[in-house]
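Below, chains carry the letters A, B, ... as their sequence lines are ordered, and counting in each starts from 1. None of the values given here were measured: they were computed from a predicted structure. Keep in mind that the numbers below use all heavy atoms, side chains included, and drop hydrogens, waters and symmetry copies.
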2 protein chains.
Amino acid sequence: MHTESVGEKLSSNMEDYLEVIAILEKDKGVARVKDISRLMKVKTPSVTSALNVLADKGLVEHERYGYAELTRNGKRIAYDVLKRHKMLTKFLSSILKIDPHVAAGDACKMEHTLSPETCKNLSTFVEFVETSSEVDRPLWLKGFDHYLKTGKRIQCKNKQALEKVKSGK
Amino acid sequence: MHTESVGEKLSSNMEDYLEVIAILEKDKGVARVKDISRLMKVKTPSVTSALNVLADKGLVEHERYGYAELTRNGKRIAYDVLKRHKMLTKFLSSILKIDPHVAAGDACKMEHTLSPETCKNLSTFVEFVETSSEVDRPLWLKGFDHYLKTGKRIQCKNKQALEKVKSGK
DNA sequence: TCTCTTTGTTAGATAACACTAACATATTCA
DNA sequence: TGAATATGTTAGTGTTATCTAACAAAGAGA
């Protein structure tokens, strides 16, 4: 029996454990203490201890010396976190051009702390860029890439045409 | 005498204390325990305890029953954090259109955890938007605002002109 | 099957950070 | 000046999350 209570907000750490377990379940079929400890970069006793907490909250099932398994609630939370993680990684690496490894690290921290509002709007922003009708990336984003690299704006070779677009005439 | 050592990375919490002290020094001239406790939303004993830690690291000076004052090193760190805070707040509120209060909260968390790379590129992004030659906000950003509100893209009224701009002809 | 290796758990220590209750100093103003 | 009030500190506790050392169970090969 666990002592779960509804409003109880999960710590960043516990969310991370859930996320890692979800990844392992997906990649390897099962989540073992040793693998969790490797991905979380902690020693195995820390994992055992975390699993006890999570089991107590009804988010994982865990028999002594056995695998960890996400419950329905555990999955719900883990998938939410993973979704945010992916969105953030995409924003950082594909729009801000952050090295993927660094981007993943930053995403790992942001995924737990950002407000739902920010997540939502950032997600919309990524979508806005990705579903652009232009083939590669939107023109302005190419302009930003250039600005990132050189600190200078791309000179517009057709100001008149640009003005036309801007004024919508 | 303090026990500062160079590589020692400051915790998010201690960075927050420095930031709050910097804000109070700027706003009120001096930083008092009570004001710090109010801004940090903790009780006064937590402040006393934090000040001891920070004094030990050579980041604040604090006489019993007196004010807290940032040292040169303390200021350096506090101003860095504040700079990131302002940049992040601007990004969230002015580009992502997050409610200022929520934006400030999110900035408070991100300011401690984002990698230097991400801070730098995000900062460049904000600058890229702000120094746009267009009067209000860049055209594409207006497009994003509309997309945020409606979920739909602004229809381009002059596709040919847009194509001309895109191809640079 | 029996031993060796791997994996997992328990117990106990430590660190960071918050809290309450009790005490000490400062400040205010009658 | 001397209470009353406001502010700051100390002492002791609790929580979360980590670790090491020692022990327990599972699995694999000869």
Side-chain angles (χ1 to χ4, degrees), chain A residues 2-5 7-21 24-25 28-69 77 81 108-109 111-113, chain B residues 2-5 7-21 24-25 28-69 77 81 108-109 111-113:
Chain A
H2 60 79
T3 53
E4 174 192 18
S5 97
E8 224 172 322
K9 207 222 158 196
L10 215 52
S11 74
S12 297
N13 244 292
M14 290 303 148
E15 279 189 3
D16 266 330
Y17 277 105
L18 291 180
E19 190 184 2
V20 157
I21 293 166
L24 285 168
E25 285 188 348
K28 301 198 157 194
V30 292
R32 293 168 13 156
V33 170
K34 216 212 166 183
D35 291 324
I36 298 170
S37 103
R38 181 173 41 81
L39 294 191
M40 288 289 295
K41 300 187 211 292
V42 297
K43 306 296 181 186
T44 58
S46 306
V47 176
T48 301
S49 158
L51 290 179
N52 287 334
V53 173
L54 291 170
D56 210 47
K57 291 182 190 294
L59 301 172
V60 301
E61 281 178 16
H62 178 227
E63 278 179 64
R64 271 169 65 104
Y65 299 100
Y67 304 132
E69 270 186 87
I77 296 175
V81 175
C108 259
K109 292 163 199 152
E111 72 197 11
H112 307 293
T113 59
Chain B
H2 61 79
T3 52
E4 176 191 16
S5 96
E8 225 172 320
K9 209 222 156 196
L10 214 53
S11 75
S12 298
N13 245 292
M14 290 302 148
E15 279 190 2
D16 268 330
Y17 277 106
L18 291 181
E19 191 185 1
V20 158
I21 294 167
L24 285 169
E25 286 188 348
K28 300 201 158 191
V30 293
R32 293 166 15 153
V33 170
K34 216 212 166 182
D35 292 323
I36 299 171
S37 103
R38 182 174 40 82
L39 293 190
M40 288 288 297
K41 299 185 212 290
V42 297
K43 306 296 179 187
T44 58
S46 307
V47 176
T48 301
S49 157
L51 290 180
N52 288 334
V53 172
L54 292 170
D56 210 49
K57 290 182 192 292
L59 301 173
V60 301
E61 282 177 16
H62 179 228
E63 278 179 66
R64 271 171 66 104
Y65 299 99
Y67 302 133
E69 267 186 88
I77 296 175
V81 176
C108 258
K109 294 167 199 150
E111 71 197 10
H112 308 292
T113 58

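Atom CZ in A:Arg32 sits roughly 12 Å away from atom P in C:dT6 (whole-Å rounding). The distance between atom CG of A:Asn13 and atom P of D:dC19, rounded to the nearest whole Å, is 10 Å. Distance A:Lys41 NZ to D:dT18 P: 14 Å, rounded to the nearest Å. The CE atom of B:Met40 sits 16 Å away from the P atom of D:dG8 (whole-angstrom rounding). One can place CG of A:Asn52 at 11 Å from P of C:dA11, the figure rounded to the nearest angstrom. Going from atom OH of B:Tyr67 over to atom P of D:dT9 covers 13 Å, rounded to whole Å. Atom OH of B:Tyr65 is separated from atom C1' of D:dG8 by 5 Å (rounded to the nearest Å). Computed from coordinates, the A:Lys9 NZ to D:dT16 P distance equals 14 Å when rounded to whole Å.
Side-chain nitrogen and oxygen atoms of A:Lys43 include none within less than 4.0 Å of the OP1 or OP2 phosphate oxygen of D:dC19. For the pair A:Arg64 and D:dA24, the criterion of a side-chain N or O lying under 4.0 Å from OP1 or OP2 is not met. OP1 or OP2 of C:dT9 lies within a sub-4.0 Å distance of a side-chain N or O belonging to A:His62.
At the heavy-atom level, B:Tyr17 lies under 4.0 Å from the strands shown only through sugar-phosphate atoms. Residue contacts for B:Ser11: at a heavy-atom cut-off of 4.0 Å it reaches the sugar-phosphate backbone alone, with no base atom in range.
A heavy-atom distance below 4.5 Å is not found between the side chains of A:Val47 and A:Lys34. Annotation: side chain of B:Met14 is not in contact with side chain of B:Ile77 (no heavy-atom distance under 4.5 Å).
The B:Met14 side chain lies nearest to C:dC17 when the options are C:dG8, C:dC17, D:dC19. The side chain of A:Ser46 approaches D:dT18 more closely than any other nucleotide in the set D:dT9, C:dT9, D:dT18. Between C:dA11, D:dT10, C:dG8, one nucleotide has an atom nearer to the side chain of A:Thr48 than all others, and that is C:dG8. Distance from the side chain of B:Lys34 is smallest for D:dG8 among the nucleotides D:dG8, C:dT9, D:dC19.
Tested against B:Tyr67 for a side-chain contact (heavy atoms from CB on, under 4.5 Å), the candidates B:Val30, B:Asp35, B:Ile21 yield a single pass: B:Val30.
Taking each heavy atom of B:Cys108 and B:Asp16 in turn, the nearest pair found is O-OD1, 4.5 Å.
Counting heavy-atom neighbours within 6.0 Å of A:Glu61 CD, excluding the residue itself, gives a total of 12 or less.
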